[in-house]
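To find a chain, count down the sequence lines: A is the first, B the second, and so on, and within it residues start at 1.
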Protein chains: 2
Amino acid sequence: MTLPSAPAVPATPVGLAVDVAAFAMHGGELRVLLVQRGELPHARDWALPGGLVMSGEELHEAALRVLRSETAVELEPRHLEQFHTFGEVGRDPRGRIVSVAHLAVLPHGTVEIAGLDVSGEASEVGHTLGAGWLSAHRPPALAFDHQSILDRALARLQLRLEYANLALEFLPETFTLPELQGVHEAILDRKLDKRNFRKRLLSQGVLTPSGERRTGVGRPAQLYRKAKNARTAAL
Amino acid sequence: MTLPSAPAVPATPVGLAVDVAAFAMHGGELRVLLVQRGELPHARDWALPGGLVMSGEELHEAALRVLRSETAVELEPRHLEQFHTFGEVGRDPRGRIVSVAHLAVLPHGTVEIAGLDVSGEASEVGHTLGAGWLSAHRPPALAFDHQSILDRALARLQLRLEYANLALEFLPETFTLPELQGVHEAILDRKLDKRNFRKRLLSQGVLTPSGERRTGVGRPAQLYRKAKNARTAAL
DNA sequence: CCAAAAGTGTTAAGGCTACACCCATGC
DNA sequence: GCATGGGTGTAGCCTTAACACTTTTGG
């Protein structure tokens, strides 16, 4: 990086922000955390949580901060990664704001604890009318360029199913294979073949049978946990 | 994106920059454009071209501007994409600077025209001692965190060989299959099997024989050009 | 005719898809 | 005993990797 001591054009500061697409499972569906804006522009529209980056703050810290400030409880993501920076000049009517978009994965149970699961009235926190976990594949109309951000977040999440095993981070410590398949299906938004899925996952060696079984309606299912060596990262 | 009207911590502005890893082929080797810094910190060290983003300027425009300001000639990239944003607090000793890193591909002949091909004295332009096209896989020591940026740029470039057909952008309009294979090998930094390479590329249908042949030492080679429908993009 | 580089096919192995029935449990 | 969901195997296809010789030209 070369910083010319006297740039040709005066360098009016550019605002730097983060936006977070935080995903969790609820009722077999993939949900994304959205906030209902309380201020103009786009008042009452839904948006991804976001905010300006502070000067001594790492990008991922800023992402965690905005995530936590939008909900009453302290969300603890299992995975957090930057995936694209949105900087188009006209993307925010308030001025030049460049946003580093992040993808977050929250564990099982998050939706039940933090925020309502449907578009109903949620806890009123911060500068928003409320927050809610809404359908990730069929969200309401979003403010600014947040639909593009969400589209790209979903694409990245789907990539991470293959290369990393990010689906595991959506589940509790122990889980059954049908549950894991449900997470894949919710993320990919399509059905998968049971036998092929089991074959593939078991041959990857990322699952260890816990020995326990989950009982309920129908035949009990074997419980698994993430193997010691299982990786959850990729390029 | 939610911009709280009164952030808890005062939002001292964060500097926003771009850095560019610009690649071109030269002598069967993959080269990257580096500038030798004329100022502290890291004076006389090599670095990727970069600079602050101006307030009305798109990110890709800023990337093009720094690319052009470092070399005498007007470089015209065949491909330019953002690939990661580097924002660690301590990455630049001069203050909080977040940099959106870009990958650029320059066509055949660029190295010969714009800048020297080795680490010798290059044209003195701008705020640097000079610029040069140096080995991308075995570069000299780089300033700041630029080695990490270069590593990641190379990884992205290698990805783009598979999904897009980015290798085509390194070559002149017509080229032979052994030349194309050479580009792949230079980017991947390993040898490929000739028959498998030809089979794969020809079956993709992105190449059209031009009918001409390239003569020289040994048997003349068929010339190809990029097919009309060939794509050069991916996620 | 020799050097140099271009061009050409086959085989084996592994991964992916499609597809239908039996099993264990609770009620 | 029946409803519910869990669990299992095979065959065809395609993709990938390994591997050596012949062809065409210029000098």
Item to complete: Evaluate whether atom NE2 of A/H184 has more than 12 neighbouring non-hydrogen atoms of other residues, nucleotides or ligands under 6.0 angstrom away.
Response: yes

Discussion item. Would B/L166 and B/H79 count as a side chain to side chain contact (heavy atoms under 4.5 Å, CB included) here? Give the steps.
Written reply: CA-CA 8 Å; B/L166 208 42; B/H79 177 82; 3.5 Å; yes

Worksheet item: Is a donor-acceptor contact shorter than 3.5 angstrom present between the side chain of B/K199 and the base of D/dT15?
Response: no

Just distance, no hydrogens or angles: give the donor-acceptor pairs under 3.5 Å from side chains in residues 214-222 of chain A, sequence neighbours left out.
| unit_1 | atom_1 | unit_2 | atom_2 | d |
| --- | --- | --- | --- | --- |
| A/R214 | NH1 | A/E179 | OE1 | 3.1 |
| A/R214 | NH1 | A/E179 | OE2 | 2.3 |
| A/Q222 | OE1 | A/G211 | N | 3.4 |

Worksheet entry | Any residue meeting side-chain hydrogen bond (donor to acceptor under 3.5 Å, both in side chains) with A/H84, in chain and number order, not counting sequence neighbours | A/R152, B/Q82

Practice prompt. Test B/L177 against B/L202 for side chain to side chain contact (heavy atoms under 4.5 Å, CB included), laying out the working first.
Written response: CA-CA 9 Å; B/L177 274 174; B/L202 290 174; 4.1 Å; yes

Under 3.5 Å between N/O atoms: give me all the protein pairs with nucleotides 23-25 of chain D, atom names plus distance.
| unit_1 | atom_1 | unit_2 | atom_2 | d |
| --- | --- | --- | --- | --- |
| D/dT23 | O2 | B/R219 | NH1 | 3.0 |
| D/dT24 | O2 | B/R219 | N | 3.4 |

Fill in: Electrostatic pair A/D189-A/R138, nearest N-O below 4.0 angstrom
yes

Practice prompt. Output the residues of residues 187-196 of chain B in contact with DNA chain D, where contact means a heavy atom of the residue under 4.0 Å from an atom of the strand; sort by number or write none.
Written response: B/D193, B/R195, B/N196

Discussion item. If we count only N and O atoms by modelled type, under 3.5 Å, do the side chains of B/T174 and B/S210 hold a donor and an acceptor together?
Written reply: no

Practice prompt. List in numerical order all residues of residues 170-183 of chain A for which some heavy atom is under 4.0 Å away from an atom belonging to DNA chain D.
Written response: A/P178

Worksheet item: chain A on DNA chain C: first and last contacting nucleotide, 5' to 3', under 4.0 Å to a heavy atom?
Response: C/dT17 to C/dG26

